[in-house]
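Working notes, structure below.
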Amino acid sequence: MNTMEPLKNSIADLEMYQLENCHSENKRWALALTSYEQEIEQLMTLLDDVLEQFNHQNLRQRAFDYQQSLNRLKVWFTRLHTDLICDRSTCVSATPLPCGESQFGRYKAIPSQFAGLSDEFSKTKAGCYQFLSVVVQLNLM
């Protein structure tokens, strides 16, 4: 009996666990990013309404500023989603899965990148909702 077999099995079990964990995390990140992208779209629609309905320069400028910030965040979320998250429907065979060995190190970068974007989105969203609530309170919408 080879004394290396239990060690090889332990390593294989660990690698399988890491791969399964990576795939489950991949799904979680994909759902979270999709949710943020949808929320940005909803806010953009509300801001479009403000821009269409009002000629007041201050309102239009603030709505436009929020749109620009949300657009920038959307691009960053989409880039993160495209570069590091693999949705089976969008992956091409030439691109290795994020959980493949060649990208496993990059995949571990998602939490820190996501946290920064998430914080910025939360701040932008809070300001945007505050702006929209003032517009509603003034019976402008």
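What you see is a predicted model; the values in this text were computed from it and never measured.
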CG-CZ distance between N71 and F64, expressed to the nearest 0.5 angstrom: 9.0 Å

Flag yes if W76 and L31 sit in one hydrophobic cluster, no otherwise; membership is Ile, Leu, Val, Met, Phe, Trp, Tyr, and two members link when side-chain heavy atoms are under 4.5 Å apart. no

Listed partners of S133 passing side chain to side chain contact (heavy atoms under 4.5 Å, CB included), at least two apart: none

Non-hydrogen atoms of F114 and A32 that approach each other most closely: CZ-CB, 3.8 Å

With sequence neighbours excluded, tell me which residues meet side chain to side chain donor-acceptor pair (under 3.5 Å) with S118. Y36

Is L51 reachable from L59 through a run of hydrophobic residues whose side-chain heavy atoms are each under 4.5 Å from the next? no

With sequence neighbours excluded, give me every salt bridge (Lys or Arg N to Asp or Glu O under 4.0 Å) pair touching residues 124-134. E39-K125

From E52 CD over to D48 CG, what is the distance, rounded to the nearest 0.5 angstrom? 6.0 Å

Can you spot which of T78, T124, L43 makes a side chain to side chain contact (heavy atoms under 4.5 Å, CB included) with L73? T124

CG-CG distance between L47 and L70, expressed to the nearest 0.5 angstrom: 6.5 Å

Taking atom CZ of F77 and atom OG of S35, what is their separation to the nearest 0.5 Å? 9.5 Å

In chain order, what residues pass the salt bridge (charged side-chain N to carboxylate O under 4.0 Å, His left out) check against R72, with sequence neighbours excluded? E120

Pairs satisfying salt bridge (Lys or Arg N to Asp or Glu O under 4.0 Å), at least one member in residues 61-70, at least two apart: none

Apply side-chain contact (heavy atoms from CB on, under 4.5 Å) to L46 and Q42, showing your working. CA-CA 7 Å; L46 292 171; Q42 291 168 352; 5.9 Å; no

Begin from the C-alpha positions of L132 and Y66 and carry the test side-chain contact (heavy atoms from CB on, under 4.5 Å) through to its verdict. CA-CA 10 Å; L132 291 169; Y66 281 118; over 6 Å; no

